[in-house]
Amino acid sequence: MNNFKYSIPTTIYFGKDQLGHLSELKESGSRVLLVYGGGSIKKSGLYDQTVKILEESGLSVTELSGVEPNPRIESVREGVKLCRENQIDMVLAVGGGSVIDCAKVVAAGACYEGDAWDLVLDGSKIKAALPVYSVLTLSATGSEMDAFAVISDMTKNEKWGTASPLVKPVMSILDPTYTYSVSRKQTAAGTADMMSHTFENYFTNVKGAALQGHLCEAVLKTCIQYGPIALNDPENYEARANLMWAGSLAINGLLNGGAEVAWCVHPMEHELSAFYDITHGEGLAILTPVWMRFVLKKDPSKTAQMAAYGRNVWGIEGDDETAAKEAIDKTAEFFFKTMGMPENLRAVGITEKTHFQEMAAKAEAGSKGSFVPLTKEDIVAIFDAAF
Ligand code: NZQ
Ligand code: ZN
């Protein structure tokens with residue numbers, strides 16, 4: 001196990017009826033920028049409840065609404081402008097990962113003189129940020145408890161992740177009932193996303209980090225158990241609660257501290273979203289089994305690790321080679337049959353391969369130091385097989 005630093009300054013209020021804790025925002029000042037998406041929180045009534053609590057707490061509210069899935073740099077810039085014009089003290093995101101990510105870069109951009117895109121390209125330029133708070137409405141990204149934010153500039157077909165400890169939320173409210181209204185598509189995509197975060201951490205080359213591996217297996221089993229229940233019974237509290245907490249733990253440092261490895265499915269998916277604006281979790285589900293098959297073929301020495309995944313998560317028996325292959329088949333079956341997700345790139349509207357070379361060239365850097373490092377040609381082959 002490697003040395004590591006584990007620090008999560010985010011206070012979590014988990015469960016029903018936690019929204020009153022928004023009164024604690026007073027500790028960061030009196031002027032809030034409320035950031036939200038395309039209207040799901042208005043439909044659910046969460047918007048009204050949030051504004052009421054903020055106003056009753058004596059906080060003045062400025063709004064940035066309409067943040068897109070795969071949030072755009074233009075929204076970030078608008079948020080930064082609002083912060084400056086209204087001397088905003090803190091940023092509150094109410095929504096899914098896109099809204100929280102946008103809020104994080106707005107919070108950093110408000111304390112930066114240049115253009116916020118600089119901060120997306122280089123997180124080390126984030127030297128200060130307004131305090132970030134969140135109310136999570138979609139279990140998926142873990143943005144509610146991590147240092148990351150992913151922002152797109154569609155005019156350049158670019159989507160990059162940035163990171164800074166300064167944008168980790170001060171406090172996040174996780175009420176599973178707020179996810180009851182999440183659609184089947186987004187429930188499946190969110191489950192695939194948290195599973196992918198876990199896979200990226202699980203398939204590591206660091207030896208002896210047994211606990212981290214077992215924690216990964218627990219998160220994966222939780223997703224496999226509760227994803228289908230949430231899909232078919234959206235108001236099942238137990239399912240929504242387990243998924244919500246799994247999503248946070250998958251990426252908050254608990255699973256990879258001491259077992260670090262570069263992620264490589266995510267950089268490939270970010271290229272798909274950057275060029276075709278697809279749903280992140282769907283892209284990951286399509287790529288994951290293809291990637292698993294590819295790495296096993298490229299580096300057969302990884303068979304034992306893939307087999308251990310099959311045994312410990314799926315209860316598969318038999319020799320390493322059989323268990324590894326079956327584990328991948330089970331993964332594909334879970335995404336595409338049980339969760340009803342699109343099976344290939346054509347199914348999400350990617351009908352030509354024009355950009356695969358360019359996308360692979362951009363994703364290649366991300367896979368250095370990954371479980372099985374991939375070349376540009378490898379990535380093109382993975383895109384082709386996923387097509
Ligand atoms: O915009 P609204 O109207 O709120 O609707 C959203 C959106 O259309 C809807 N939604 C959210 N909560 C809902 C709801 N609909 C009904 N009821 C609710 N309670 O769901 C749609 C998708 O929302 P979005 O926030 O885009 O989804 P998600 O949370 O999956 O976030 C995806 C973004 O996060 C990035 C992805 O790349 C993508 O841009 N990621 C962020 C990470 C991080 N910060 O650590 C890591 C991830 O790997 C990921 O890359
Ligand atoms: Zn993800």
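Computed from heavy atoms alone, side chains included, the values below leave out hydrogens, waters and symmetry copies. Model, not experiment: these values are computed from the prediction. We number each residue from 1, following the sequence as shown. Both ligands and their constituent atoms are indexed starting at 1 by order of listing.
We find the OG1-CH2 distance between Thr222 and Trp245 to be 12.5 Å, quoted to the nearest 0.5 Å.
Ligand 1 has a nitrogen or oxygen under 3.5 angstrom from a nitrogen or oxygen of Phe148. On a distance-only criterion, Ser40 and ligand 1 share at least one N/O pair closer than 3.5 Å. For ligand 1, none of its N or O atoms has an N or O atom of Gly142 under 3.5 Å away. Considering backbone and side-chain atoms together, Pro71 places no N or O closer than 3.5 Å to any N or O of ligand 1. For ligand 1, the polar-atom distance check against His266 finds a nitrogen or oxygen pair separated by under 3.5 Å. Among the atoms of Gly97, some N or O lies under 3.5 angstrom from an N or O of ligand 1. Inclusion of Lys104 in the set of residues having an N or O under 3.5 Å from an N or O of ligand 1 is not warranted. Ligand 1 has a nitrogen or oxygen under 3.5 angstrom from a nitrogen or oxygen of His280.
For the 3.5 Å distance criterion, the side chains of Glu260 and Asn2 qualify, holding a donor opposite an acceptor.
When only non-hydrogen protein atoms are considered, atom 35 (C) of ligand 1 lies nearest to Asp101 OD2, 3.6 Å.
Under the 4.0 Å distance rule, the nearest protein heavy atom to atom 6 (C) of ligand 1 falls outside the cut-off.
Under the 6.0 Å distance and 45° angle rule, Lys16 counts as a cation-pi partner of Tyr237. Under the 6.0 Å distance and 45° angle rule, Lys125 does not count as a cation-pi partner of Tyr112.
Counting the atoms of ligand 1 from 1 in the order shown, those under 4.0 Å from a heavy atom of His270 are 37 (O), 50 (O). Those atoms of ligand 1 that come under 4.0 Å of a heavy atom in Asp146, given as number and element, are 43 (C), 44 (N), 45 (O). Listed by number with element, the atoms of ligand 1 under 4.0 angstrom from any heavy atom of Gly37 are 1 (O). Heavy-atom proximity to Ser143, at under 4.0 Å, picks out these atoms of ligand 1: 44 (N). Ligand-side atoms of ligand 1 in range of Gly39: 3 (O), range being under 4.0 angstrom from any heavy atom. Within ligand 1, counting atoms from 1 as listed, the ones closer than 4.0 Å to a heavy atom of Thr137 are 11 (C), 12 (N), 13 (C), 18 (C), 19 (N). In the vicinity of Ser181, heavy-atom distances shorter than 4.0 Å reach the ligand 1 atoms 16 (C), 17 (N), 18 (C), 19 (N). Residue-ligand proximity, Tyr178 to ligand 1, at heavy-atom distances under 4.0 Å covers atoms 19 (N).
The proximity of Glu68 to ligand 1, defined as any non-hydrogen pair under 4.0 Å, does not occur for either the backbone or the side chain. Residue Ile41 does not touch ligand 1, judged by heavy-atom distances below 4.0 Å. Contacts between Pro69 and ligand 1 below 4.0 angstrom, taking non-hydrogen atoms only, involve backbone and side chain alike.
Cluster annotation: Tyr47 is not connected to Val67 through the hydrophobic network of ILVMFWY side chains, with a link wherever side-chain heavy atoms come within less than 4.5 Å.
Taking the six-membered ring where the residue is Trp, His21 and Tyr13 present parallel rings, their angle staying beneath 30° rather than reaching 60°. Between Phe383 and Phe356, the ring-plane angle classifies as tilted under the 30° and 60° cut-offs. Ring-plane geometry between Phe203 and Phe371 is classed as tilted, the angle between the planes lying from 30 to 60 degrees on a 0 to 90 degree scale.
The Zn ion (ligand 2) has an N, O or S atom of Asp193 inside 2.8 Å of it.
Between Asp319 and Lys325 there is no salt bridge, since no side-chain N of the basic residue sits under 4.0 Å from a carboxylate O of the acidic one.
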